[in-house]
Every structure is written in structure tokens, then in C-alpha cells.
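Data first, discussion second: the structure below is written as C-alpha cells.
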Amino acid sequence: MKSDSERDPRAKSGAKSVVRISSAEFVAGASSTNQLPPPHEIEIAFAGRSNVGKSSLLNMLAARNGLARTSRTPGCTRQINFFDVRVAGGPNLVFVDLPGYGYAKVSKTESRDWKILLEGYLHDRTTLKGVVVLVDARRGLEQEEFDLIKFLSVRSELAVVIAATKLDKLPRSMHKPRIKKLMHDAGVAVIGTSADTGMGREELWARLLQPLSI
């Protein structure tokens, strides 16, 4: 049986977890549109550069260290991955891990196929209700993030939030100014996070659950 520290990254710091997860498991992977699983629960997608820490953030939110695969090699996720996540005393959700962008070693054909798959999913998926755009707090927004946020704005019903990852890698004095700048540049809510310390877990959960009325 896994210890609390193995299951919940926040346990290492002694922080109390408000949102508890009763179960979380991988259910499907899709590398083409016809492989997408039938929609059945509210979906929250996670998008960002291939080295921004998506898998680590997913594992932190789900309090399961091994739910999404992490790797030292950027671009490890080559498909859309779906995870059923059950919140104790709350809703059943599907976390959707989107392929990382900005990875130079994939072929042009593969990059084009990803674009078709991702844009189709983000534009047409009826159960998609929220998108978390991950941005490395040390780098800030780049053109890909601006383009993605603009693309998502076409669907006004989507709740879009930026997770500023690896915020703990910056001096504490820079945290608030960096978040403020990201909010100004992006025009959407920004939550500072760290998968290593559990920073921002409850704030991000609150932002995801409340606007979605779930």
C-alpha cells in the first residue's frame, strides 16, 4: 500500500489537502479522431509545451504520482490521453492530457496530424468544459500560448485558466509580480503552481470546479 507521501505530493510538506481524490485511472489514448472515446463525463484538458510539466501537474491534482507518465525526454506524450478522476464527495471528471507542442524532433507529417487532432478535439468536443494552459513561470507566455488562448476564445463557454508551473524555481519576491504580468498578458486567470511542493493545488481545483458549476 502506498504511503500518503507517495499518493499525495502535498503530504511531503504537511499541507492539508482540501480536495480529495477517491480514484484516478487511465482509460484511453487516441492518436486519431476515430480513436477518441465516447464522451461520458465533463472533461478538463491540459495543454502546454512538451517540457512544461503537464504530467507532473496532472499527478499533483489527482494526488497520484504515477497517473500520467513523466519523462526527462520532451515530447513523450504522442497522443491524447484520458483519465477518469473521481473527487471524493464531488463530481466525476475526465482529465485530458494533450500532446505537448514545441517539440522539434517530430516529423512535419506527425506535427500536422497532431494539429488536426488537437484542433478538432478542442473545437468540437461537447463534453470539454475547461482548459488549463500550462506556462513555465520562468519563461512567460510565448506565441504558441497566445495562439492557443485566442483559438479557445471562440468557445465562450470554456473555462480557461493558466497554470504557471515551476513557480518555486523563482525567488519568492518574484511570485506575485510574475503572476500579475501573466494575467495582464493573457487576459485570463492565472494560478501559480509547483508539482514539487504542491503549491497552487487547491487554488487550481477551486478555479476548475466553481466556474463549471460541478
Side-chain angles (χ1 to χ4, degrees), residues 9-10 13 15 17-19 42-62 68 70 74-75 77 93 95-104 111 114-115 118-119 121-123 125 128-214:
R10 291 176 61 89
S13 63
S17 176
V18 176
V19 174
I42 289 175
E43 296 177 359
I44 299 173
F46 295 78
R49 289 180 171 275
S50 54
N51 60 350
V52 77
K54 268 193 300 95
S55 296
S56 296
L57 184 73
L58 279 165
N59 291 339
M60 180 184 78
L61 288 173
T70 60
T77 302
L93 305 172
F95 279 2
V96 184
D97 184 6
L98 302 178
Y101 51 80
Y103 181 52
S111 178
W114 283 7
K115 180 179 175 65
L118 289 175
E119 291 188 354
Y121 170 80
L122 291 170
H123 187 269
R125 189 74 166 182
L128 178 64
K129 300 300 181 183
V131 179
V132 179
V133 180
L134 282 75
V135 175
D136 189 323
R138 300 167 298 180
R139 298 180 61 172
L141 290 159
E142 299 187 56
Q143 191 59 50
E144 288 90 344
E145 286 81 29
F146 284 114
D147 291 344
L148 177 58
I149 292 169
K150 182 178 180 180
F151 179 82
L152 294 172
S153 68
V154 175
R155 294 187 60 177
S156 59
E157 77 278 12
L158 287 182
V160 179
V161 59
I162 286 178
T165 63
K166 308 178 184 179
L167 191 63
D168 61 309
K169 306 301 182 185
L170 292 174
R172 185 174 293 274
S173 62
M174 293 181 62
H175 289 190
K176 288 185 178 180
R178 185 57 52 92
I179 296 300
K180 184 177 181 180
K181 177 172 174 50
L182 286 170
M183 290 180 65
H184 176 269
D185 292 345
V188 299
V190 179
I191 305 294
T193 69
S194 166
D196 288 338
T197 68
M199 179 194 305
R201 181 181 187 271
E202 305 308 328
E203 292 83 355
L204 187 52
W205 264 118
R207 176 63 63 171
L208 293 174
L209 295 177
Q210 291 175 6
L212 298 176
S213 299
I214 55 178

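No option in Ile191, Val188, Leu141 other than Leu141 meets the side-chain contact (heavy atoms from CB on, under 4.5 Å) test with Leu182. Only one option out of Val132, Val135, Leu134 pairs with Ile162 in a side-chain contact (heavy atoms from CB on, under 4.5 Å); it is Val135.
Residue Asp136 holds its CG atom at 8.0 Å from CG of Leu170, rounded to the nearest 0.5 Å. The distance from atom CE of Met199 to atom NE2 of His175, rounded to the nearest 0.5 Å, is 5.0 Å. Put simply, CH2 on Trp205 and CE on Met60 are 10.5 Å apart, with the number rounded to the nearest 0.5 Å. For the atom pair CZ of Arg201 and CG of Leu57, the computed distance is 10.5 Å after rounding to the nearest 0.5 Å. In this structure, NZ in Lys166 is found 5.0 Å from CZ in Arg138, a value given to the nearest 0.5 Å. Between the CD atom of Gln143 and the CG atom of Leu148 there is a distance of 11.5 Å, given to the nearest 0.5 Å.
Looking at Glu202, its side chain does come within 3.5 Å of a backbone N or O of Val19 through a donor-acceptor pair. A donor-acceptor pair under 3.5 Å links the side-chain atoms of Thr165 to the main chain of Val52, judged by distance alone. In terms of modelled atom types and a separation under 3.5 Å, the side chain of Arg178 and the main chain of Leu167 share no donor-acceptor contact. Looking only at distances, a side-chain donor or acceptor of Thr193 sits under 3.5 Å from a matching main-chain atom of Ala164.
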As a quick check of understanding, evaluate side-chain contact (heavy atoms from CB on, under 4.5 Å) for Leu98 and Leu122, giving each step before the final call.
CA-CA 10 Å; Leu98 302 178; Leu122 291 170; 3.9 Å; yes
Is there a side-chain contact (heavy atoms from CB on, under 4.5 Å) between Leu128 and Arg155 once you walk through the steps?
CA-CA 10 Å; Leu128 178 64; Arg155 294 187 60 177; 4.0 Å; yes
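Heavy-atom minimum distance, Leu93 versus Leu209: CD1-CD2, 4.2 Å. For the pair Gly130 and Leu158, the tightest heavy-atom approach, listed with the atom from each and the gap, is N-CD2, 4.1 Å. Taking both residues in full, the closest heavy atoms of Val96 and Tyr121 are given as CG2-OH, 3.3 Å, listed atom of the first, atom of the second, then distance.
Note on ring orientation: taking the six-membered ring where Trp is involved, the planes of Phe95 and Phe46 are perpendicular (angle over 60°, cut-offs 30° and 60°).
Residues satisfying the salt bridge (charged side-chain N to carboxylate O under 4.0 Å, His left out) criterion with Lys169, sequence neighbours excluded, are Asp196. A search for salt bridge (charged side-chain N to carboxylate O under 4.0 Å, His left out) contacts involving Asp147 returns nothing, not counting sequence neighbours.
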